[in-house]
There are 2 protein chains.
Amino acid sequence: MDRDQTEKDDEGSGRPTLKTLAFMTGLGVTTVSRALKDAPEIGAETRRRVQLVARQIGYRPNRAGVRLRTGKTNVISLVLNTEREIMSFVSDIIYGVSEVIADTPYHLIVTPYSRSQDPLDPIRYLVETGSADGVIISRTQPNDPRARYMLERGIPFATHGRTDMGLIHPYHDFDNYAFATEAVRHLAGIGRRRLALLAPPAELTYHSHTLNGFTDALSEVGASEIPFNTVSVDHSIEQIRMRTAQLMRRDVRPDGFVSSAAAATLAIVAGIEDAGLRLGRDVDVVSKQSSDLLHLFRRELLVVNENFRLAGAELARSVLGWIGGAAPGSLQSLSMPTEVLAYRRPD
Amino acid sequence: MDRDQTEKDDEGSGRPTLKTLAFMTGLGVTTVSRALKDAPEIGAETRRRVQLVARQIGYRPNRAGVRLRTGKTNVISLVLNTEREIMSFVSDIIYGVSEVIADTPYHLIVTPYSRSQDPLDPIRYLVETGSADGVIISRTQPNDPRARYMLERGIPFATHGRTDMGLIHPYHDFDNYAFATEAVRHLAGIGRRRLALLAPPAELTYHSHTLNGFTDALSEVGASEIPFNTVSVDHSIEQIRMRTAQLMRRDVRPDGFVSSAAAATLAIVAGIEDAGLRLGRDVDVVSKQSSDLLHLFRRELLVVNENFRLAGAELARSVLGWIGGAAPGSLQSLSMPTEVLAYRRPD
DNA sequence: CCTATATACTGAAACGTTACAGATTGTCAC
DNA sequence: GTGACAATCTGTAACGTTTCAGTATATAGG
């Protein structure tokens with residue numbers, strides 16, 4: 001009953017803090033703090049009482065307070081290239097991440113970097129300023145300085161795409177090797193024998209995955225490659241279109257394409273038609289897509305779906321898992337492509 | 001010279017703080033703090049000296065410290081509907097915002113909400129927990145509870161799209177009235193007389209903007225409307241396609257469409273072709289698009305560009321402006337549509 | 001009855017920052 | 001020489017949280 005002085009402030013003014021709860025329950029702030037996080041040395045009844053009151057008045061821990069004291073930011077950062085990322089990728093991956101962190105205390109911050117910058121810059125910034133508990137990066141390279149850097153500093157992260165440095169870290173990847181082999185097999189199955197690949201940019205890890213799948217399947221089915229490596233999916237629509245048209249006007253031209261991105265596929269088809277050829281008759285195209293729109297573009301297109309929302313969710317789960325103490329090696333996942341889908345009339 | 005005790009910690013261990021700077025310069029932390037923010041009562045030389053040292057050792061203010069002390073979060077939140085937002089919208093607007101906040105201390109957090117939730121929920125969360133200094137919302141309604149709520153609480157925000165409540169707040173909007181009139185005029189100009197509009201969802205403000213532009217221009221050019229209001233751009237691709245096909249099989253069918261979204265346009269065209277009709281011959285379509293891809297889809301399409309990246313940048317500028325003390329009424333902008341663009345062969 | 005030990009709780013300090021209320025100079029007027 | 005005043009600088013407290021080192025009470029062992 002010796003609750004005498006020191007209640008200068010508090011009561012109903014701003015949002016409730018531990019002090020407010022302490023005052024209301026007649027306990028010390030330490031006890032309240034502990035009761036809320038189920039510490040062992042708190043009596044069962046006290047714990048329940050505190051948690052009840054906290055819930056009633058809508059107590060939310062002050063993020064700045066926690067962060068200042070503990071260093072824990074409760075932030076996941078998604079690092080994106082503002083020029084090069086595929087558009088649907090961005091929204092879907094954000095939604096995937098959001099979905100997973102929705103019922104956690106985590107916030108998602110988007111950390112952009114531009115073409116001109118060193119990709120390591122935003123990572124350095126995040127690490128040096130301690131702005132995030134975990135990081136998600138994309139456009140992963142076989143020898144990725146960002147992954148190495150974060151591994152050295154011990155900050156949890158996950159990569160969209162794999163590395164190839166002999167270092168273990170969480171990742172999520174789409175199986176582009178399987179995509180390319182499926183694509184080639186399907187094209188061979190409908191009689192196509194001279195295939196061209198519009199590959200991912202050479203510096204990214206999934207370039208070689210795709211390429212290996214492509215060439216392995218080529219020899220498996222006995223088809224041949226028509227080189228098409230002056231452009232990648234990173235090139236502009238106009239460039240891809242022009243190069244495709246050039247290629248299709250040659251004597252030896254492909255009768256099948258494998259395309260690693262939906263927007264690029266539009267350009268390929270445009271190039272094919274620029275050259276006076278027809279999709280489905282003179283040439284077939286298998287393309288990855290992340291939203292179900294390509295079949296509207298040309299019904300003859302063959303598609304394989306890559307689910308970026310799923311990727312975002314997996315990546316978020318991985319980072320959270322690592323933060324939570326799981327072994328990085330156990331937080332790796334690979335997503336299998338669907339079979340090649342030919343056009344089907346909806347409904 | 002009475003610098004005696006109390007240097008228990010500091011030096012080169014973690015990242016530098018005001019205390020580190022104070023120790024290095026031989027000044028008090030208060031002085032250092034003020035010198036860094038150009039306070040008037042600091043000597044010119046001291047100021048320069050402190051700033052020099054700070055720059056040299058790469059001092060960065062601790063966000064948690066600032067936030068705890070001042071309440072300033074240095075965060076802008078972008079609130080998004082995870083189901084309904086247009087995909088390219090998300091990435092472009094994020095990049096636009098990023099571009100503007102790049103050389104400010106602000107971080108961008110993405111706060112998602114799903115169909116099932118009250119759109120006010122994420123706003124309440126942000127305001128109650130004081131998680132952001134400013135908020136950007138989209139899918140703005142004529143009578144928008146979110147805008148009203150934030151206006152009441154005095155938290156700076158900007159809306160993508162206008163409201164119609166007689167309340168003044170920053171916004172950025174695309175002039176959809178002008179878009180619709182331009183579109184109708186263009187269609188009339190090429191001889192189309194029976195026009196249908198695929199409108200935005202009725203609850204959003206730009207629905208009536210678009211509709212008014214459409215009907216005003218119809219009477220101006222003496223064309224008639226074929227009602228097409230069983231679907232909106234929010235409906236699924238399949239539904240729009242089906243409804244379009246139904247409409248095009250009627251006796252009295254449109255010979256021109258105005259479409260408020262690119263993805264929906266794909267569905268409209270598919271529906272037209274399902275009905276055995278041909279784009280450019282039987283019917284023309286004017287569509288908004290946010291990335292330059294529709295002309296690859298069908299060269300006959302007529303397009304008007306809406307720049308979401310610009311929108312993001314403007315919205316960010318507006319919120320920052322309001323935070324910085326500018327009058328909300330001075331932070332409103334409207335972006336004019338381009339003329340209707342017919343297909344031109346690239347280069 | 002005294003001491004040891006477990007249980008349940010508590011105050012003080014610290015994280016890095018800024019605001020408030022001084023403190024120490026030097027300059028100038030008179 | 002004194003008082004007033006401006007120009008610079010400084011220590012303390014506070015924001016909300018967690019951790020450390022206790023303190024009080026009850027229970028048990030001897």
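Because the structure is a prediction, the values reported are computed rather than measured. All chains are named by letter (A, B, ...) in the order of the sequence lines, taking the proteins before the strands, and each is independently numbered beginning at 1.
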Subject >> Over 12 foreign heavy atoms within 6.0 Å of CD, B/Glu152 >> reply: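 Yes, because the 6.0 Å sphere around CD of B/Glu152 holds more than 12 heavy atoms from other groups.
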Any side-chain N or O of [X] below 4.0 angstrom from OP1/OP2 of [N]?
X       : N      : answer
B/Ser33 : C/dT18 : yes
B/Lys19 : C/dG16 : no
B/Thr30 : D/dT10 : no

Take the protein atom [atom1] of [X] and the nucleotide atom [atom2] of [N], then report the distance between them rounded to whole Å.
X       : N      : atom1 : atom2 : result
B/Lys37 : D/dC9  : NZ    : P     : 16 Å
A/Arg15 : D/dC15 : CZ    : C1'   : 12 Å
B/Arg47 : D/dC9  : CZ    : C1'   : 13 Å
B/Arg67 : C/dG16 : CZ    : P     : 17 Å
A/Glu45 : C/dT7  : CD    : P     : 18 Å
A/Asn62 : C/dC15 : CG    : P     : 18 Å
A/Arg63 : C/dT17 : CZ    : C1'   : 19 Å
B/Leu21 : C/dT17 : CG    : C1'   : 13 Å

Of the nucleotides [options], which one has an atom closest to the side chain of [X]?
X       : options                : result
B/Leu18 : D/dT17, D/dC9, C/dT17  : C/dT17
A/Leu68 : C/dT17, C/dC15, C/dC9  : C/dC15
A/Thr17 : C/dT10, C/dT17, D/dT17 : D/dT17
A/Tyr59 : D/dT10, C/dT18, D/dT17 : D/dT17
A/Thr31 : C/dA19, C/dC9, D/dT8   : C/dC9

Original post:
Residues in ring-ring contact (aromatic ring centres under 6.0 Å, His included) with B/Tyr113, at least two apart?
Top reply: none
**OP:** Would you indicate what B/Thr70 reaches in the nucleic acid, counting non-hydrogen atoms under 4.0 angstrom: base, sugar-phosphate, or nothing?
**Re:** sugar-phosphate
**OP:** Indicate, with a heavy-atom threshold strictly under 4.0 Å, whether B/Arg34 touches base, sugar-phosphate, or nothing.
**Re:** base
Original post:
Side chains of A/Glu314 and A/Ser335: is there a donor and an acceptor less than 3.5 Å apart?
Top reply: no
Subject >> Pairwise 5' ranking along DNA chain C for A/Glu41 and A/Val29, keeping only the more 5' one >> reply: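 In this pair, the answer is A/Glu41.
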Subject >> Gap separating the CZ atom of A/Arg148 from the CG atom of A/Asn143, nearest 0.5 angstrom >> reply: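 It is 4.5 Å, given to the nearest 0.5 Å.
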Subject >> Whether A/Trp322 and A/Phe157 hold their rings parallel, tilted or perpendicular, with breakpoints at 30° and 60° >> reply: tilted
